[in-house]
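This one's a predicted model, so the numbers in the text were calculated from it and none came from an experiment. Positions are given from 1, in the same order as the sequence printed here.
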Amino acid sequence: MDRLSEIKRRRTFGIVSHPDAGKTTLTEKLLLFGGAIQIAGAVKSNKIKKHATSDFMEIEKQRGISVATSVMAFEYRDKQINILDTPGHKDFAEDTYRTLTAVDSVIVVIDVAKGVEEQTEKLVGVCRMRKTPIIVFINKLDREGKDAFDLLDEVEEKLGLRVLPLSWPVGMGQLFQGVYNIYEKKLILFSPHGKQLEEDTLEITDLSDEKLNKKIGKKAADVLREEIEIITSVYPEFDQQAYLRGDVSPVFFGSAVNNFGVKEMLDCFVDIAPSPRDRETEERIVHPEEDKFSGFVFKIHANMDPKHRDRIAFLRICSGKFERNTNYLHIRQERQIKFSNPTAFMASKKEVVDEAFPGDIVGLYDSGNFKIGDTLTEGEILHFKGIPSFSPEQFRFVNNSDPLKTKQLNKGLDQLMDEGVAQMFTKIENNRKIVGTVGALQFDVIQYRLLNEYGASCDYEPVNLYKACWVACTDDKELENFKSRRRRDLALDTDGKLVYLAESAWALKTVQENHPNVEFRFTSEV
Ligand code: G4P
């Protein structure tokens with residue numbers, strides 16, 4: 001197959017949801033359809049169970065699982081599907097944001113009873129900013145939940161999406177009978193925990209057909225007719241271009257655990273979801289069809305085995321063709337680098353690949369060369385945009401508790417920061433290091449991993465900070481004035497960027513008033 005056909009048949013996407021909405025279950029069903037796994041239960045949830053948040057072995061175990069399930073590739077109807085897994089635990093939200101930079105579209109899973117939850121709002125916000133096409137799957141229809149119309153309103157309101165139902169539930173909970181596939185004009189009847197059979201599908205182009213009454217009962221049939229009429233009068237016709245622009249989000253209903261409504265969504269997904277899209281770099285837009293290879297690292301995963309400290313860098317291919325044993329330019333390090341064992345992730349199995357195409361993710365064994373956001377090309381200087389760092393929420397001074405292991409501590413901290421476990425700021429005034437994280441869990445992870453992987457130990461000291469703000473100012477004089485007046489509160493991040501550490505919202509407001517030409521940002525792009 002030629003390169004352009006390879007690109008066109010790729011679908012690289014992520015599934016996002018609030019924990020427990022059914023992301024793992026849905027992923028598993030998709031893999032079953034793709035023949036990538038044979039039995040249910042093969043995909044382990046990578047969520048860290050609530051009760052185990054301080055159990056280090058659990059963290060280690062989860063890290064192992066999440067390597068295996070970081071990327072799951074399978075073939076379905078001649079398409080190559082790449083699912084990128086995203087951690088559900090909120091303390092790892094940054095990991096998820098970064099993974100979302102490597103997808104071309106997303107599926108959002110919502111629990112019919114719980115509706116739109118906090119984590120979903122945040123993640124969809126990031127997708128909306130980037131105009132990522134979104135499909136919504138409303139899950140757990142076998143349980144009592146919110147009214148379908150109310151839910152659509154809630155999704156529009158809370159997620160800021162314009163929705164368009166492409167399937168519609170017939171009843172819910174005890175009375176759940178199936179879904180009407182508006183996209184294909186078919187009624188699919190529900191049988192719990194069963195496989196959908198051919199005879200469960202009723203092709204029905206005309207809803208007034210008497211056959212409908214026989215299948216689901218007159219009452220349910222009348223309700224369905226009425227609701228579909230409302231939908232067709234309220235919502236516009238499906239327009240694929242509007243979906244691809246991120247302007248409208250198709251909605252499907254189903255029950256992942258019963259494998260119901262999943263195939264309908266998958267079939268529609270492979271038809272409408274985007275193949276690899278253009279990507280922005282600081283220099284120019286990169287098109288996947290270009291001859292020359294380019295890609296960026298969006299995730300780094302440390303090896304579980306402390307004796308082998310190598311890591312896996314996850315590279316998203318953006319253009320051209322990636323080939324094994326070929327020299328590529330590592331832009332940040334300004335040197336050529338080649339890979340003898342790049343791996344692809346077919347479901348939970350890893351295998352060495354000779355070539356890979358835009359949309360694919362390859363794992364590169366790395367002994368410390370990569371940082372999140374690094375770009376590889378055939379020679380052109382490019383820097384992919386859009387890999388964000390957000391201001392941490394929690395901060396602590398980190399102290400070396402074993403002076404004989406200073407070198408190990410520094411190396412360990414640097415490498416953990418490259419992996420994106422947390423962020424580190426070095427105070428300009430006294431060189432003290434402050435670690436900032438999204439959740440408290442990462443502090444434990446850092447301490448544990450420093451000891452186990454680097455033989456270094458650290459302890460923490462509280463520091464009262466509200467936010468880290470990246471500083472920008474076009475007026476050099478004003479910047480120097482600000483720097484000399486606020487020296488005490490300034491630090492450098494690991495890229496050497498200037499950061500103002502605000503003690504409180506009030507302090508930030510005052511500083512902003514005193515230095516109106518200085519910009520304070522809560523995010524930085526790597
Ligand atoms: P997550 O990855 O989004 O966190 O969710 P996950 O798939 O782990 O699903 C969370 C729980 O919801 C699981 O139950 C799962 O079986 C259940 N679930 C998923 N889809 C459906 C559905 O369509 N209907 C119903 N009724 N339940 C569903 P659990 O008890 O937490 O775990 P398990 O013991 O079943 O594995």
So the ring pair (Phe, Tyr, Trp, His ring centres under 6.0 Å) pairs with at least one residue in residues 155-183 (sequence neighbours excluded) are F149-W168, W168-F253, F176-F190, F176-F260
What residues form a side-chain hydrogen bond (donor to acceptor under 3.5 Å, both in side chains) with T99, not counting sequence neighbours?
none
Could you label the plane-to-plane angle of the F339 and F370 rings as parallel, tilted or perpendicular, counting under 30° as parallel and over 60° as perpendicular?
parallel
Electrostatic pair K146-D153, nearest N-O below 4.0 angstrom:
no
Look only at the side chain of S5 and the backbone of M1, and say whether a donor-acceptor pair between them is shorter than 3.5 Å.
no
Could you point out which residue of E280, E282, E283 forms a salt bridge (Lys or Arg N to Asp or Glu O under 4.0 Å) with K385?
E280
For K292, which residues count as a salt bridge (Lys or Arg N to Asp or Glu O under 4.0 Å) partner, sequence neighbours excluded?
none
E229 atom CD: more than 12 heavy-atom contacts under 6.0 Å:
no
If we ignore angles and hydrogens, is there a donor and acceptor under 3.5 Å between the side chains of R316 and N82?
no
Considering only distance and modelled atom types, tabulate donor-acceptor pairs under 3.5 Å from the side chains of residues 109-117, sequence neighbours left out.
| residue | atom | partner | partner atom | Å |
| --- | --- | --- | --- | --- |
| D111 | OD1 | A113 | N | 2.8 |
| D111 | OD1 | K114 | N | 3.4 |
| D111 | OD2 | K140 | NZ | 3.4 |

Sequence neighbours left out, what passes side-chain hydrogen bond (donor to acceptor under 3.5 Å, both in side chains) with E355? Give chain and number order.
K321
Partners of K218 by salt bridge (Lys or Arg N to Asp or Glu O under 4.0 Å), sequence neighbours excluded?
D222
